[in-house]
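Here the structure comes first, spelled out in structure tokens, and everything after it is commentary.
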Amino acid sequence: PEGSAQIVTRLTVTWSGVVAGGKPRTRADMMAEVSSRLPQLVGGLRGTGAGMAVRACTAQEIIDHTRAAYDPSAAADIEEARAEGGTGLHWDEAGPSALDVGYDMLRHDGAYSMSWQMAAPPRGVVYSVSMAELLLPHRQIDRKRVTLLYRPENPVNSAQAVEQDINLALWSASNQRRPSARVQADIAAARKTAQEEALGAALVRFGMIVTATVSDPAGLPLARQTVESLSATARLHLRPAYGNQDVAFLAGLPLGVILPKMTILPSELREML
């Protein structure tokens with residue numbers, strides 16, 4: 001029906017183009033790698049409850065989605081063109097025609113967006129309905145995008161990270177005469193994670209980017225208040241992406257952008273910070 005909200009879910013998987021030892025893989029190697037794994041990935045997603053609607057996106061669909069994200073006013077025309085046979089857009093036409101990057105907002109074509117990044121993981125138990133309100137459409141926001149970022153850790157760093165978590169939790173408890181329930185829960189969670197990692201479970205880093213887009217700049221304050229209220233309900237600690245709104249907006253799109261790979265700091269130095 002006219003005026004109803006639309007919810008779209010996309011998942012992006014990015015493979016490394018370098019094998020063990022630092023040897024780069026060719027385009028043909030990557031095509032063979034992806035094509036061999038894609039059926040299993042799609043089948044696994046269908047088993048999560050998504051049903052037979054799960055399918056791989058085409059290159060044209062990625063271009064069309066990116067264009068609609070940067071220019072929401074063209075979304076209706078894009079959908080109409082796709083229904084009539086295709087948009088014919090090229091990758092160099094997917095970006096915005098104009099971009100104005102502010103300290104705490106981004107103006108792209110005729111829309112205005114604000115992005116938030118997860119500053120700290122949620123404390124306590126996270127249930128399946130914890131993020132329901134954050135994920136649902138909201139009448140105060142024209143477009144809302146919630147992006148979950150996952151990055152598997154290598155086994156060596158995983159073992160070091162879980163041991164460090166245990167030591168940190170025990171140190172925090174030793175500084176209190178009577179450890180609080182929160183500290184005791186942190187110790188139990190750290191030990192459980194270490195046990196699972198020792199049994200072969202993979203450690204995965206995760207983060208989140210939330211982007212709110214409105215067509216009128218006057219709606220930005222209300223959009224900001226709404227997102228911050230919804231994040232508090234989800235027990236998330238989000239903070240605005242000050243000074244890098246354009247980067248956060250791009251990283252939230254399903255384009256496989258890996259921010260740690262694009263920084264000028266070496267990985268060893270980043271891990272020490």
Side-chain angles (χ1 to χ4, degrees), residues 7-70 78-79 81-83 85-96 145-162 196-209 211 246-271:
I7 300 178
V8 179
T9 303
R10 291 180 173 88
L11 184 144
T12 301
V13 181
T14 306
W15 284 272
S16 173
V18 179
V19 296
K23 182 180 178 181
R25 289 190 274 194
T26 64
R27 181 183 180 90
D29 294 337
M30 294 305 302
M31 292 176 61
E33 177 80 10
V34 174
S35 61
S36 63
R37 295 193 181 189
L38 193 59
Q40 182 180 1
L41 288 171
V42 173
L45 290 172
R46 288 173 177 171
T48 63
M52 299 302 295
V54 179
R55 60 177 178 81
C57 288
T58 64
Q60 187 63 57
E61 288 175 332
I62 296 175
I63 294 173
D64 296 344
H65 170 72
T66 305
R67 176 60 181 169
Y70 276 108
I78 290 175
E79 290 294 332
R82 291 177 60 180
T87 61
L89 292 172
H90 300 284
W91 179 243
D92 55 0
E93 300 172 319
R145 181 168 60 251
V146 179
T147 305
L148 293 171
L149 306 172
Y150 297 98
R151 181 158 58 98
E153 190 62 273
N154 63 62
V156 176
N157 292 343
S158 297
Q160 296 175 351
V162 295
E196 293 176 351
E197 191 277 334
L199 295 176
L203 195 66
V204 180
R205 296 191 179 195
F206 70 96
M208 180 182 298
I209 298 175
T211 300
D246 54 339
V247 176
F249 186 95
L250 176 63
L253 295 175
L255 301 178
V257 176
I258 304 178
L259 295 182
K261 298 291 186 181
M262 305 182 70
T263 181
I264 61 176
L265 292 176
S267 58
E268 294 80 5
L269 181 58
R270 293 198 307 268
E271 297 298 333

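The first residue in the sequence is number 1, and the count goes up from there.
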What residues, two or more places apart in sequence or in another chain, satisfy side chain to side chain contact (heavy atoms under 4.5 Å, CB included) together with [X]?
X	result
S16	V18
T87	Q60, D64, I78, A81, R82, L89
T147	R145, L149, I209

Provide the closest heavy-atom pair for [X] versus [Y] in the form atom of the first, atom of the second, distance.
X	Y	result
E197	S158	OE2-CB, 3.9 Å
H65	P254	NE2-CD, 3.5 Å
A161	L203	CB-CD2, 3.7 Å
G256	T14	CA-OG1, 3.3 Å
P39	S36	CD-O, 3.9 Å
A32	S35	O-OG, 3.1 Å

_Donor-acceptor contact below 3.5 Å, side chain R67 vs main chain G95_ =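 Side chain of R67 to backbone of G95: a pair is present.
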Rounded distance (nearest 0.5 Å) linking atom [atom1] of [X] with atom [atom2] of [Y]:
X	Y	atom1	atom2	answer
L259	R151	CG	CZ	9.5 Å
L11	L45	CG	CG	5.5 Å
I62	R10	CD1	CZ	9.0 Å

*Among all residues two or more places apart in sequence or in another chain, which pass the side chain to side chain donor-acceptor pair (under 3.5 Å) test with R25?*
none
*For residues 37-56, pull every pair meeting side chain to side chain donor-acceptor pair (under 3.5 Å), keeping only residues two or more places apart or in separate chains.*
E33-R37, R55-E61
*Would you call D246 and L250 a side-chain contact if the rule is heavy atoms closer than 4.5 Å?*
no
*CE/M30: more than 12 non-hydrogen atoms of other groups inside 6.0 Å*: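 Buried by this count: over 12 neighbours within 6.0 Å.
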*Enumerate the residue pairs fulfilling ring pair (Phe, Tyr, Trp, His ring centres under 6.0 Å) with a member in residues 246-265, sequence neighbours excluded, ordered by first and then second residue.*
Y70-F249, H108-F249
